[in-house]
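Data first, discussion second: the structure below is written as structure tokens.
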Amino acid sequence: DEKLWVFLQAHRQDLEAACIVSGLTLAKAANGDGPDPSFRVRKAAGAKCSRCWMRLESVGRAEQHPELCHRCVEVVEKL
């Protein structure tokens with residue numbers, strides 16, 4: 001129902017963290033409805049970060065930390 005859809009959208013990042021996944025995309029069923037949420041799992045694009053182990057396309061973009069993703073680069077540079 002619409003309340004569930006709004007809730008899931010509002011908490012997408014929390015769901016991503018709780019499910020321990022590199023990314024989570026929400027999409028309605030092709031017909032726009034359905035009795036329950038369904039899930040599809042696919043291998044994430046990108047490389048595996050050596051610090052957080054998430055597969056992200058940002059791994060290798062930072063010249064000074066080629067083995068880290070953008071999030072981990074920010075943390076490491078603050079230390």
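With sequence neighbours left out, the salt bridge (charged side-chain N to carboxylate O under 4.0 Å, His left out) criterion links E63 to no other residue.
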Report, one line per pair, each donor and acceptor closer than 3.5 Å where one atom sits in a side chain of residues 4-23; sequence neighbours left out.
unit_1	atom_1	unit_2	atom_2	d
W5	NE1	Q9	OE1	3.2
H11	ND1	D14	OD2	3.3
R12	NH1	E16	OE2	2.9
R12	NH1	L24	O	3.3
E16	OE2	L24	N	3.1
S22	OG	R55	N	2.8
S22	OG	R55	O	3.2

Atom pairs and distances, side-chain donor-acceptor, residues 64-76, under 3.5 Å, sequence neighbours left out:
unit_1	atom_1	unit_2	atom_2	d
Q64	NE2	E77	OE2	2.3
H70	ND1	S58	OG	2.7

